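Just the heavy atoms: all of them, side chains too, but no hydrogens, waters or symmetry mates, feed the values below. It should be emphasised that the depicted structure is a prediction, and the values quoted were computed from it without experimental measurement.
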Amino acid sequence: MDERDDINQYRKKRKRKKSVVRLIVFILVAAAIIIVIINWKNIFAPLKDIGSKNGEGGFPINLTGSANYVMGEMGENFYLLTDTYLYTYNDNGAELSNKQHGFQNPVCSSNDKRALVYDKNGKDMKVYSKNSELYSKSFEDSIVFAQMGTDERCAVVTTSSRYSNFLYVLNSEGKQIFRWASPDEKIMQVCFGADDKSIYVSVVGESNGALLSSILRFEVSGGVSETWRTAIGNNVSYSLEKCSDGIYALTPDGAFLLNEQTGEIKASNSYSKEVCGITDTDGIRVTIFRDPVSNGEIANVYNDALEVSSAVSLDNSSVFDVRGGKLYVLNGNILTVYDESLEKLKSYDLDDDYSDIKVIGKHAYLLGYNQVQRWEL
C-alpha cells in the first residue's frame with residue numbers, strides 16, 4: 001500500500017512539474033509575441049529592405065493627398081518629409097521606416113547615411129538613420145538652420161541674445177565638439193570639408209556703412225579662431241558648397257571659387273540677372289537665371305574659370321537636378337536631360353504631372369500630388 005501511495009505521489013509531482021513548465025513556456029511565448037507586436041516595424045523593416053527584389057514592389061507609392069511632401073535622398077534611398085512624419089524608402093519603393101518628429105516647421109538635411117530634421121525657429125532637432133531615430137537634441141536658443149556633414153557630424157546655427165549667432169558642431173552621438181559665437185555677423189550658410197574635419201562658414205556683416213560678405217574656415221578640433229577669412233563682395237551669399245575643385249559660393253551679383261586650404265579666390269564672375277535656381281555641382285556647374293527677354297528661365301554652365309561655357313533657354317516653373325555631369329529639367333509631365341554642354345540628350349513624356357525630381361543611380365524619382373513614381377533613365 002505504501003509503495004502504491006509513493007507511486008501516486010510521484011505521478012502527481014511529475015504532473016504538477018509538467019504543468020509549471022507548460023505555464024512558463026506559455027508566458028515566455030506570450031511575452032515574445034507582445035514584444036514582436038510592439039516592435040513590429042523596427043524588427044521587420046530591415047527584413048523588408050533585404051527581401052525586396054529588384055524591380056518589384058513599390059511604384060507608384062500612393063500618398064495621402066492632404067499632406068505636403070518634401071522629397072530628398074539618402075544614398076541609394078530616399079525620404080519624404082511631412083509636417084508630422086519622416087518616411088524613408090529603399091530604391092524599390094519599400095518603406096523602411098516612418099517616424100513622427102513632432103515639429104511645427106520641420107526642415108530636413110541629409111547625406112548618404114543620415115537625415116537631420118530640425119524645427120526651424122524652434123529649439124529641437126532629431127537625427128535618423130534609414131531605419132531608426134539615432135538621437136534628439138534641444139538648444140537654449142532658436143534654430144536658424146542645420147546641416148548634415150558628409151559623414152556623421154552635423155552643424156547647427158542658432159540665434160543668441162548676446163551674439164549674432166551660435167554655430168555648433170555635433171558628433172555622431174549628438175555631443176557638442178565645437179562652438180563658435182559670431183559676434184557681429186550673421187551666419188548665412190555652412191558646409192563641411194573632407195571627412196568633416198573642417199567647416200566653412202558664410203557670414204554677412206557691415207563695413208563702412210555697406211554690406212560685406214565673407215567666408216571663413218575653422219578646424220573643428222582646432223579651437224574657435226578661423227584659419228582664414230576671405231571677403232566676397234557687398235551682398236549676401238545664396239549658397240556655399242564644397243566641390244571637387246574648391247569652395248563654391250553663389251551671391252546675387254556673382255560666383256566665387258576659393259582654394260579650400262588658403263581661402264585664395266581662384267576664379268570669380270559677375271552677372272546682373274536674377275538667380276532663380278541653384279544646383280549641386282556633380283560634374284557640371286549650373287546656375288538657373290530668370291530670362292527677362294523670354295520671361296522664362298535660362299541655364300548657364302560655368303567652366304573651371306567660372307566663364308559661361310554654354311547656355312540653354314528653359315520653360316518657366318521648371319525644377320532641376322544635377323547628377324553625373326548631366327542636368328535634368330522637369331516641367332510638368334516632361335523630363336529633359338542635357339549633357340555638360342547643355343546639348344539635349346533625351347526627353348521623356350511622363351505618365352503624369354510631377355512637382356519635384358531626385359535622380360539616384362539610373363532612376364528618376366518623381367513627386368506628384370498623391371504619389372511617388374520611379375522612372376528608368
Side-chain angles (χ1 to χ4, degrees), residues 52 54-83 85-95 108 110 273-284 286-301 310-377:
S52 297
N54 189 27
E56 290 184 6
F59 291 100
I61 300 171
N62 295 318
L63 307 175
T64 303
S66 59
N68 292 321
Y69 293 85
V70 176
M71 183 169 61
E73 58 185 288
M74 294 178 67
E76 296 180 352
N77 308 299
F78 67 95
Y79 68 79
L80 294 174
L81 178 70
T82 74
D83 58 355
Y85 280 87
L86 176 72
Y87 301 89
T88 57
Y89 299 85
N90 72 1
D91 58 345
N92 292 312
E95 184 182 298
C108 189
S110 64
K273 297 178 182 178
E274 176 189 353
V275 176
C276 61
I278 302 168
T279 64
D280 292 335
T281 58
D282 183 12
I284 181 174
V286 183
T287 304
I288 314 298
F289 296 96
R290 185 75 58 200
D291 187 354
V293 177
S294 67
N295 200 29
E297 295 164 348
I298 186 169
N300 284 358
V301 167
S310 53
V312 66
S313 294
L314 306 172
D315 292 331
N316 207 354
S317 302
S318 299
V319 290
F320 320 92
D321 199 12
V322 164
R323 283 297 178 271
K326 295 177 183 177
L327 171 66
Y328 297 83
V329 179
L330 173 66
N331 196 308
N333 66 338
I334 303 296
L335 173 60
T336 308
V337 186
Y338 298 88
D339 66 10
E340 60 185 3
S341 300
L342 293 184
E343 294 291 332
K344 184 187 292 187
L345 295 176
K346 200 163 187 178
S347 184
Y348 299 93
D349 291 322
L350 306 175
D351 60 341
D352 203 347
D353 285 349
Y354 295 95
S355 60
D356 200 3
I357 177 174
K358 294 296 176 187
V359 177
I360 306 173
K362 297 180 180 180
H363 296 99
Y365 296 84
L366 304 161
L367 177 63
Y369 168 67
N370 59 359
Q371 69 174 15
V372 175
Q373 182 63 280
R374 184 180 69 177
W375 196 269
E376 188 169 355
L377 299 172

Inter-residue atom distance [X].[atom1] - [Y].[atom2], 0.5 Å rounding:
X: K358; Y: L366; atom1: NZ; atom2: CG; value: 12.0 Å
X: K344; Y: L342; atom1: NZ; atom2: CG; value: 12.0 Å
X: D321; Y: T279; atom1: CG; atom2: OG1; value: 8.5 Å
X: L367; Y: Y69; atom1: CG; atom2: OH; value: 9.0 Å
X: N333; Y: D353; atom1: CG; atom2: CG; value: 5.0 Å
X: S310; Y: I284; atom1: OG; atom2: CD1; value: 6.5 Å

Heavy atoms, side chains only, cut-off 4.5 Å: are [X] and [Y] in contact?
X: D291; Y: E297; result: no
X: Y87; Y: T82; result: yes
X: L63; Y: V372; result: yes

Item to check | Trace of the side-chain contact (heavy atoms from CB on, under 4.5 Å) decision for D349 with I334 | outcome: CA-CA 5 Å; D349 291 322; I334 303 296; 3.0 Å; yes

Next on the checklist: I'd like to know whether V319 forms a side-chain contact (heavy atoms from CB on, under 4.5 Å) with I357, so could you lay out the CA-CA distance, the side-chain angles of the two residues, the decisive distance to 0.1 Å, and finally the verdict.
Outcome noted: CA-CA 7 Å; V319 290; I357 177 174; 4.2 Å; yes

Return yes if some donor-acceptor pair links the side-chain N/O of [X] with the main-chain N/O of [Y] below 3.5 Å, else return no.
X: D339; Y: S341; answer: yes
X: S110; Y: E73; answer: yes
X: N90; Y: N92; answer: yes
X: R374; Y: D91; answer: yes

Contact summary for [X] and [Y], nearest pair of heavy atoms:
X: F289; Y: C276; value: C-SG, 3.5 Å
X: L335; Y: L377; value: CD2-CD2, 4.0 Å
X: A299; Y: V286; value: CB-CG1, 4.1 Å
X: S347; Y: T336; value: OG-OG1, 3.8 Å
X: N331; Y: D315; value: ND2-CB, 3.2 Å
X: E376; Y: Y348; value: O-CE2, 4.1 Å

Item to check | Pair N300, T287: side-chain N/O donor-acceptor within cut-off below 3.5 Å | outcome: no

Item to check | Donor on one side chain, acceptor on other, Q373 and D351, under 3.5 Å | outcome: yes

Item to check | Positive for side chain to side chain contact (heavy atoms under 4.5 Å, CB included) with V359, one of Y365, Y328, W375 | outcome: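 It is Y328; the other options fail the test.
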
Checklist entry - Of the options V312, V301, L345, which is the one that meets Y338 in a side chain to side chain contact (heavy atoms under 4.5 Å, CB included)? => result V312

Checklist entry - Is the closest basic N to carboxylate O distance between K326 and E340 below 4.0 Å? => result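 Answer for the salt bridge query: no.
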
